[in-house]
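Naming convention: chains lettered A, B, ... in sequence-line order (proteins, then strands); numbering from 1 in each chain.
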Amino acid sequence: MHRWSKLFIPTLREAPAEAEVASHKFLVRSGYIRQLGAGIYSYLFLGQRSIDRIVAIVREEMDRIGQEFLLPTIHPADLWRESGRWTIMGDAMFRLKDRKGADLCLGMTHEEVVTDIARNELRSYKQLPQIWYQIQTKFRDEPRPRAGLLRVRQFIMKDSYSFDLDEAGLDRSYKLHDQAYRAIFTRCGLNFVVVEADSGAMGGSQSQEFMVYTDAGEDLVASCAACGYAANLERATSRLAPVKEMEPTGDGKPELVSTPGQAAIADVTKFFNIDSASDIKCVAYMATIPVKNSDPKKGPQTMAIPLVAFLRGDHFVNETKLLKVAGATDLRPMGPEELETYLHAPAGYLGPVGLKPKKAVDPGPDLSEFEAGEVTVILDPGLENRRNLVCGANKVDYHYRNVVPGRDFQWTKVADIRNVLEGEGCPQCGAPLKVARAVEVGHIFKLGNRYTDKMGARVLDANGKEVTPIMGCYGIGIERILVAAIEQGNDANGFWLPRSIAPFDVIVTITNVADAALKTAGEKIASDLEAAGFDVLLDDRDDRAGVKFKDADLIGVPWRVTVGKKVAEGKVELVTRATASGSDIAIADIAAELGRLAAQR
RNA sequence: CGGGACGUGGCUCAGCCUGGUAGAGCACUCGCUUGGGGUGCGAGGGGUCGGCAGUUCAAAUCUGCCCGUCCCGACCA
């Protein structure tokens with residue numbers, strides 16, 4: 001039993017001014033956390049207890065499928081140079097030097113470290129499969145820490161890595177993680193969805209994310225209530241409603257039209273009196289791509305190439321999709337000079353007619369592969385097979401109409417590069433899609449042999465042939481489980497956590513400790529509840545009842561037992577925080593009643 | 001990194017525009033009071049006004065640079 005009078009639980013009446021989302025405000029107000037710097041937090045008593053309970057659940061479920069390790073936080077740079085990620089990770093990586101001047105970094109993920117172990121130790125297919133996991137602090141120098149514990153620079157991650165002989169094995173390891181994750185998030189009381197995801201910087205083929213819907217989230221999820229389809233917006237697709245094509249004017253060939261001052265899509269559609277779906281939007285980028293066959297001594301070299309995306313006027317570019325299509329590591333909008341160089345026109349009058357599209361997206365050994373004026377042109381499928389469109393003429397104050405893709409201009413590649421919009425048809429069943437914000441609490445990837453291959457991990461298969469093990473990697477953000485749970489259950493007065501991850505199961509509030517009868521009764525009830533298996537916080541502070549009620553409501557404990565005047569009648573009040581509903585219970589029955597409520601969840 | 005905002009006791013903020021004595025509420029300490037939704041009264045302690053430089057007789061206040069924090073975008077658990 002813990003007595004509040006002896007504890008450090010610094011609750012605040014007011015939230016810090018910089019806190020905007022509920023979980024951030026309440027984590028600080030409830031004394032769970034304190035900020036040390038941008039994206040760096042101390043976990044105080046209550047915060048640490050809750051984290052501990054989350055970790056215990058994660059560990060229990062992971063132990064069913066894998067083995068726990070604890071890998072180093074400080075990594076030699078050479079390890080990361082081998083995988084090529086010393087450069088790729090860029091500024092997100094915390095770097096330091098040791099006394100000898102050797103480069104080191106703080107671990108932001110551990111593929112390199114586990115692959116190093118694997119290549120040194122694994123020799124035979126008989127040693128596979130392996131699933132290794134750890135629960136450990138990760139360091140990422142995030143460009144923008146956000147919203148309390150939602151996005152931080154130091155956080156606890158459960159990360160695991162699987163090694164299998166073949167695809168079928170990887171499928172099994174992946175499936176095991178899928179099941180373990182579902183069990184973990186269910187036990188943590190999260191209302192989560194599993195979505196198709198982009199595999200991002202990790203590379204690899206299949207990947208899915210575990211998401212909790214909340215407006216505080218940073219991700220957007222497109223989902224279909226009819227068939228269950230759900231995907232991160234970075235990956236989601238949709239069926240488009242058919243567009244009514246316009247009739248051609250004149251001889252049906254592209255016609256140059258003077259459109260002075262009509263630069264924005266809204267202006268152009270108004271000028272021509274057309275739907276924006278019949279206008280071609282042009283978004284011009286400079287893309288950074290790795291140079292093929294670059295000198296390995298010099299490390300990976302990159303070059304900037306012109307990349308122009310065309311899509312429907314009412315659609316929006318998804319840069320994650322575009323990066324992937326272009327094989328690029330970075331995108332930035334073209335500046336005015338670059339627009340002049342490659343498109344010969346300023347923004348607002350850009351179009352596909354007359355461009356020299358590069359033959360393939362695959363970059364050559366160097367820039368000389370590009371013929372003068374060549375640009376990589378990506379066409380969104382929303383424009384393919386369309387007719388009589390309007391687009392910029394690559395000439396100030398002029399547009400074309402009657403433009404037909406394929407007849408009047410060519411492209412490098414057709415690829416889905418747009419954001420799905422709410423209401424568009426589900427790609428599986430056609431029902432209208434919803435788009436909502438969510439927090440990513442877990443992510444599982446099929447990695448393939450990218451690391452094992454590069455770093456030289458090999459085992460002999462049953463035929464004595466050398467093969468490269470295939471990897472999967474899997475992550476859970478421990479603090480994000482807490483954040484998501486708070487976002488999921490809060491009101492004006494505070495929040496409530498599921499019992500499984502709350503710092504205490506129940507708080508016993510003695511309304512007036514100056515009253516010896518109440519004090520004695522409270523102590524007895526608290527120790528009885530503890531004996532019955534509950535984690536009990538006894539609020540024995542010499543404060544007014546109102547103060548203690550406010551605090552109890554604030555700190556996330558799912559139940560409260562109020563020990564007050566009715567003790568004289570042998571009763572106390574049992575309140576469920578989530579519903580703010582309570583009832584009087586005979587003191588003798590309190591443990592049984594609480595057990596009954598706990599079992600309902 | 002691009003755009004925006006802010007930085008004054010532990011917390012929330014006023015004062016700055018129009019330079020001259022640094023304030024309030026909450027929190028804290030002591031006394032009394034009260035005792036089922038942040039009790040009331042009284043007395044106290046606590047601030048290099050983010051830092052550095054400049055302007056000025058005089059800077060929290062005006063100017064410049066730097067640092068820090070938050071928000072919106074590009075990245076991710």
query = With both distances kept under 3.5 Å, what pairs with B:rC76, Watson-Crick or G-U wobble?
reply = none
task = Return the set of residues passing side-chain contact (heavy atoms from CB on, under 4.5 Å) with A:K550 (not counting sequence neighbours), or none when no residue passes.
result = A:N493
task = Between B:rU69 and B:rG64, how far apart are the P atoms? Round to whole Å, please.
result = 23 Å
message = Base, sugar-phosphate or nothing for A:V441? Non-hydrogen atoms, less than 4.0 Å.
response = sugar-phosphate
request  = Please state the C1' separation for the pair B:rG31 and B:rC71 - nearest whole angstrom.
outcome  = 46 Å
request  = Mark yes or no for a side-chain to base donor-acceptor pair under 3.5 Å between A:R541 and B:rG38, with no hydrogen or angle criteria applied.
outcome  = no
ask   = What interatomic distance, in whole Å, is found between C1' of B:rG7 and the corresponding atom of B:rC13?
value = 13 Å
Protein-nucleotide distance (A:H177, atom NE2; B:rA77, atom C1'), rounded to Å = 14 Å
Below 4.0 Å: OP1/OP2 of B:rG36 and any side-chain N or O of A:K565 = yes
inquiry  = Applying a 4.0 Å non-hydrogen cut-off, can you work out what A:K158 is touching in the nucleic acid: base, sugar-phosphate, or nothing?
reply    = nothing
message = Please classify the nucleic acid contact of A:A19 as base, sugar-phosphate, or nothing, using heavy-atom distances under 4.0 Å.
response = nothing
Watson-Crick or G-U wobble mate for B:rG31, both contacts under 3.5 Å = B:rC41
key: Check ion pair A:K519-A:D540 (N to O, under 4.0 angstrom)   = no
ask   = Does the ring of A:F549 meet both stacking tests against the six-membered base ring of B:rG38: centre distance under 5.5 Å and plane angle under 30°?
value = no
query = Expressed in angstrom and rounded to an integer, what is the separation of A:H443 atom NE2 from B:rC76 atom C1'?
reply = 9 Å
inquiry  = Taking atom NZ as the centre, does A:K138 end up with more than 12 heavy-atom neighbours from other residues, nucleotides or ligands that are less than 6.0 angstrom away?
reply    = yes
query = Looking across every strand, which nucleic acid part, if any, lies under 4.0 Å from A:P10 by heavy atom: base, sugar-phosphate, or nothing?
reply = nothing
note = Checking B:rA77, B:rG37, B:rU69 against the side chain of A:E142 (C-beta onward), the nearest is B:rA77
ask   = With a 4.0 Å cut-off, would you call A:E60 and A:R187 a salt bridge?
value = yes
ask   = For atom P, what is the distance between B:rA59 and B:rG19, given to the nearest Å?
value = 13 Å
message = Give me the distance, rounded to whole Å, that separates B:rG68 from B:rU63 when you measure between the P atoms they each carry.
response = 22 Å
Pairwise C1' distance for B:rG4 and B:rG42, with rounding to whole Å = 47 Å
task = Under 4.0 Å between any heavy atoms, over every strand shown, what does A:T509 touch: base, sugar-phosphate, or nothing? Just pick one.
result = nothing
request  = Over 60° means perpendicular and under 30° means parallel, so classify the ring planes of A:H110 and A:H75, tilted if in between.
outcome  = perpendicular
query = Looking only at side-chain N and O atoms, does A:R144 come under 4.0 Å of OP1 or OP2 in B:rC72?
reply = yes
query = With sugar-phosphate meaning primed atoms plus P, OP1 and OP2, does A:R34 contact a base, only sugar-phosphate, or nothing at under 4.0 Å between heavy atoms?
reply = nothing
ask   = Given that both distances must come in under 3.5 Å, which nucleotide forms a Watson-Crick or G-U wobble pair with B:rA59?
value = none
query = Between A:M157 and A:V513, which has a closest nucleotide on RNA chain B that is more 5'?
reply = A:V513
request  = Inspect the contact between A:D63 and A:R59 and indicate whether a charged nitrogen and a carboxylate oxygen are less than 4.0 angstrom apart.
outcome  = no
key: Between B:rG3 and B:rG15 - C1' atom distance, rounded Å   = 30 Å
query = Expressed in angstrom and rounded to an integer, what is the separation of A:R146 atom CZ from B:rA5 atom P?
reply = 20 Å
message = Side-chain N or O of A:R140 versus OP1/OP2 of B:rC76: is the shortest distance under 4.0 Å?
response = no
request  = Please measure how far the P atom in B:rC26 lies from the corresponding atom in B:rU39, and state the result in whole Å.
outcome  = 10 Å
inquiry  = Under a 4.0 Å threshold between the charged nitrogen and the carboxylate oxygen, would A:R85 count as salt-bridged to A:E111?
reply    = yes
message = As a test of reading the structure: which of B:rU12, B:rG38, B:rA77 is closest to the side chain of A:V547, going by heavy atoms?
response = B:rG38
ask   = B:rC52 pairs with which nucleotide, Watson-Crick or G-U wobble, both distances below 3.5 Å?
value = B:rG64
query = With sugar-phosphate meaning primed atoms plus P, OP1 and OP2, does A:A147 contact a base, only sugar-phosphate, or nothing at under 4.0 Å between heavy atoms?
reply = sugar-phosphate
remark   = When rounded to whole Å, the OH to P distance for the pair A:Y41 and B:rU69 reads 10 Å
Shortest side-chain distance from A:R437, nucleotide among B:rG37, B:rA77, B:rG73 = B:rG73
message = Just to be sure I understand the rule, does A:D551 reach a base, reach only the sugar-phosphate, or reach nothing, if contact means heavy atoms closer than 4.0 Å?
response = base
ask   = Between B:rC11 atom C1' and A:K25 atom NZ, what is the distance in whole Å?
value = 15 Å
inquiry  = For a quick check of understanding: with a heavy-atom distance under 4.0 Å over all strands, which category does A:R151 fall into, base, sugar-phosphate or nothing?
reply    = base
inquiry  = Over all strands shown, is A:E209 touching base, sugar-phosphate only, or nothing at heavy-atom distances under 4.0 angstrom?
reply    = nothing
query = Given B:rG35, B:rG36, B:rC70, which nucleotide is nearest the side-chain atoms of A:E18?
reply = B:rC70
message = Both A:L36 and A:A514 contact RNA chain B. Which one's nearest nucleotide lies toward the 5' end?
response = A:A514
ask   = A:R560 near the nucleic acid: base, sugar-phosphate alone, or nothing, with a heavy-atom cut-off under 4.0 Å?
value = base
inquiry  = For B:rC1, does the base pair up with any side-chain atom of A:D91 as donor and acceptor (N or O, under 3.5 Å, distance only)?
reply    = no
ask   = Salt bridge check: are A:D141 and A:R95 linked by an N-O gap of less than 4.0 Å?
value = no
Please tabulate the protein-to-nucleotide N/O contacts below 3.5 Å involving nucleotides 26-30 of chain B, giving atom names and distances.
| residue | atom | partner | partner atom | Å |
| --- | --- | --- | --- | --- |
| B:rA27 | OP1 | A:R13 | NH2 | 3.2 |

query = Would a distance-only check, ignoring hydrogens and angles, find a side-chain to backbone donor-acceptor pair under 3.5 Å from A:Q488 to A:G189?
reply = yes
inquiry  = Let's test your reading of the model: under 3.5 Å, does the base of B:rG35 pair with the side chain of A:D542 as donor and acceptor?
reply    = yes
query = Which whole-number value in Å describes the distance from A:D141 CG to B:rA74 C1'?
reply = 15 Å
task = May I have the distance from A:L322 (atom CG) to B:rC75 (atom P), rounded to whole angstrom?
result = 11 Å
task = Evaluate the ring planes of A:H2 and A:F45, with Trp represented by its six-membered ring, and classify them as parallel (under 30°), tilted (30 to 60°) or perpendicular (over 60°).
result = tilted
Side-chain ion pair, A:E573 and A:K565, N-O less than 4.0 Å = no
message = Could you tell me how far apart A:L12 (CG) and B:rU12 (P) are, to the nearest whole angstrom?
response = 8 Å
task = Decide, yes or no, whether a salt bridge links A:E61 with A:R64 under the criterion of side-chain N to carboxylate O below 4.0 Å.
result = yes
task = Assign A:A92 to base, sugar-phosphate, or nothing according to its heavy-atom contacts below 4.0 angstrom with the strands shown.
result = nothing
task = Return the nearest nucleotide to the side chain of A:E440; candidates are B:rA77, B:rC70, B:rC75.
result = B:rA77
query = What is the nucleic acid contact for A:D159, judged by heavy atoms within less than 4.0 Å: base, sugar-phosphate only, or nothing?
reply = nothing
Nucleotide nearest A:D553 (side chain, heavy atoms from C-beta), chosen from B:rG37, B:rG36, B:rG38 = B:rG37
key: Who pairs with B:rA5 - Watson-Crick or G-U, where each distance is under 3.5 Å   = B:rU69
query = Considering Watson-Crick and G-U wobble pairs with both distances under 3.5 Å, what does B:rC26 pair with?
reply = B:rG10
